Protein chains: 2
Amino acid sequence: MNPITVMNEIAPEALDLVEQRYLILRTVYFMAPVGRRAIAQRLEKSERTIRKEVDVLRERGFLIGNYAGMSLSSDGERILTDLREYIRQMHGLTHLEQELKEVLKVKKVIIVPGDSDQDMVVKQDLAKATARYLRQVLKNGDVLAVTGGTTLSQVAASFPSDGTKRDVIVVPARGGLGEDVTIQANSIAAKLAQGLGGSYRLLHAPDNVDSNLVSTIVADPQIRDVITLVRRANVLLHGIGTAEEMASRRGLDEEHVMQLIIDGAVGEAFGYYFDPKGQIVYATSSLGVRLEDLGKIPLIVAVGGGKSKAWAVLSVVSTGYCDVCITDEGGARRLMSLLKHKEEHVNGN
Amino acid sequence: MNPITVMNEIAPEALDLVEQRYLILRTVYFMAPVGRRAIAQRLEKSERTIRKEVDVLRERGFLIGNYAGMSLSSDGERILTDLREYIRQMHGLTHLEQELKEVLKVKKVIIVPGDSDQDMVVKQDLAKATARYLRQVLKNGDVLAVTGGTTLSQVAASFPSDGTKRDVIVVPARGGLGEDVTIQANSIAAKLAQGLGGSYRLLHAPDNVDSNLVSTIVADPQIRDVITLVRRANVLLHGIGTAEEMASRRGLDEEHVMQLIIDGAVGEAFGYYFDPKGQIVYATSSLGVRLEDLGKIPLIVAVGGGKSKAWAVLSVVSTGYCDVCITDEGGARRLMSLLKHKEEHVNGN
DNA sequence: TTTTTTTGTCCCGCGTAAGCCAAAAAATAA
DNA sequence: TTATTTTTTGGCTTACGCGGGACAAAAAAA
């Protein structure tokens, strides 16, 4: 594995330091002769911080300076050339994360290298990154709602139980769907709870409930309790699916699937089908998390990777309900190019 | 250039952090299940420091732990494997520096990668490293004495004048020697002073002075002043030469050179010839720094690189007067193997 | 049951980063 | 040429953060 990738995993703050010094060198290179104040303004750091860094860079002989301002030494120019390459390497994705974060207007974007479509290992990486983020962000007392799906199933599987107990309750955000038990929201909730060292509750009901059956099911006190808990969840973790795939998994016949596509549905999340602008095209009725609940959830995390899911990710994130988006490089780059073209299209009109 | 080498130049402290975490992971790997206290003892760090690092490593999912102690997660094992390689890379020389420092009983050893014998660029690197060290260590009020030689001449040449003024006086440690003006101690002192932003004084006298001429020369008040200053120097920077080369440069005839070699001389520094144990074999009389002055100098820096000079470096350092030794990888590795064999020899007796 | 080891918490003190200000030098204008 | 302005650098003081040590609680081992 790449040394920079390794360092990014084991000590990202070390790379931050390298990057900071790189930025200073680059600024000096372009603005020489320049003083601390000008650098500080340009990099939006305090003058004192810049001073500290400048002092060590000067000590090492990369910067030379007099009262007219400082500039790069030949050593400084050489190391700047070397650094450029490594920063680009380590920043390929970090930078993409930043860009997407801004353009998608979400709180955070996490991108793992690779493409899930091409390499199944990337999907594991995606799951691992999600697990890592989850562990960072979950606090005692949290109620975590999770959906089903292959991606989320891998998140649960890749969750190393670190032995610590957490006061977290994991609940399925939706009911049961399809035949495969390992990708059921219930199974995932249970496994995730185990990995987190928390507890879980199960929702024993089908995902798509006929409206006149609702009252009958809710009559069951155990089910009602779980539903109450689900609607109180303060963290929602859900996968992102393509509309087509999810529709057929839900057992819709070809005709209905066709109609969905014609209506513009490209993405699916927790039972709702969205078009590229984030508008709802179709909704399956459910006992779990509903659209009107989303506004009350402080943290919604969406996971989905692969070039093929770029449209789906775009549609789901465009709803405005997504806080954190976790995807892979393939999906992210495709997504970015979709956005670029969209923008051009808009400008063209 | 290697990313690790670049980082080592631009932010060595970042690599220290990586190494610290690597050491912790390795310790856990071998001692699992293990607690903070045991790790702290093993690594000779405070328990608090270990705890801080352990917390972030656990946060990142590399360590998992319960009350029985902690162990590596699968992620942790993977990253440990990756890290091993990079640590080995970055530590090849750093570790060698440490080893040599201990075995040679000096305050500091600096090794640049490569071999001056094979690649002349390495000699420039050696000079640059020396210049960098010098700039770090010199304080206002210091008097720096320098010898001549090709290596020191390159140090002076590679000294980027960083514009800052320093209250430092540079003096030649010895008189003039040979014909080439650029490698004279006088020239080097002048150029070095320019680079340091300090002042310099010249010693207008030959290196090898006939004893009955001394009084005549010292009668010159200007020369006497400089000599006084030289004897007051608190930093001495000198090159290391092989006995043979230096003897012929001093214009000794073949017979005398042969005699020197027969007497066991392998290294030369500031006019003195040493055998491998650091004993003086021959001394040229000089007006500048004498052996009896060395004890009074708080910082003596010796520079010499290349496999061919390993014996010379060994002899000069063995005098016990050397505080800092700057050499290259070729010289250092050869030196280390010489020391290994020497030890075996002693053990064999 | 006792001992040993683990983890987590609390408080203290040092170190260092940050902000502020003054002096000095260069650029600019008169 | 001289004066003013705009930079620059360097020093001083403060305060926040982080490491250090001790301690209690809890769990595993003996």
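From a predicted model like this one, the values you see are computed outputs, not experimental measurements. Chain naming here is simple, since letters A, B, ... match the order of the sequence lines and numbering starts at 1 in each.
Counting only heavy atoms from C-beta on, A:S46 has its side chain closest to C:dG19 among D:dT8, D:dG20, C:dG19. In the set D:dG10, C:dA18, D:dT8, D:dT8 carries the atom at the smallest distance from any side-chain atom of A:V34. Listed nucleotides: C:dG8, D:dG19, D:dC12. Nearest to the side chain of B:R58: C:dG8.
Put simply, the residue from A:L192, A:N234, A:I169, A:L236 that forms a side chain to side chain contact (heavy atoms under 4.5 Å, CB included) with A:L144 is A:L192.
When the C1' atom of D:dG21 is taken as reference, atom CD1 of B:I50 falls 15 Å away, rounded to whole Å. If you take CD of A:Q41 and C1' of D:dT7, they are 12 Å apart, rounded to a whole angstrom. Rounded to whole angstrom, the span from the CZ atom of B:R37 across to the C1' atom of D:dA22 amounts to 10 Å. Following rounding to the nearest Å, A:K52 (NZ) and D:dG10 (P) show an atom-to-atom distance of 17 Å. Rounded to an integer number of Å, the gap from CG of B:D55 to P of D:dG19 is 11 Å. Regarding A:M70, its CE atom lies at a distance of 12 Å from the C1' atom of D:dT7, rounded to whole Å.
Ion pairing between a basic and an acidic side chain is recognised when a charged N comes within 4.0 Å of a carboxylate O; A:E13 and B:R21 show such pairing.
The residue among A:E47 and B:E53 whose nearest nucleotide of DNA chain D lies closer to the 5′ end is A:E47. Where B:R48 and A:R36 each meet DNA chain D at their nearest nucleotide, the meeting point lying more 5' is that of A:R36.
Nearest approach of A:E19 to A:I87, heavy atoms of both residues: CA-CD1, 3.8 Å. In this structure, B:Y86 and B:D82 approach most closely via the heavy-atom pair CD1-O, 3.1 Å.
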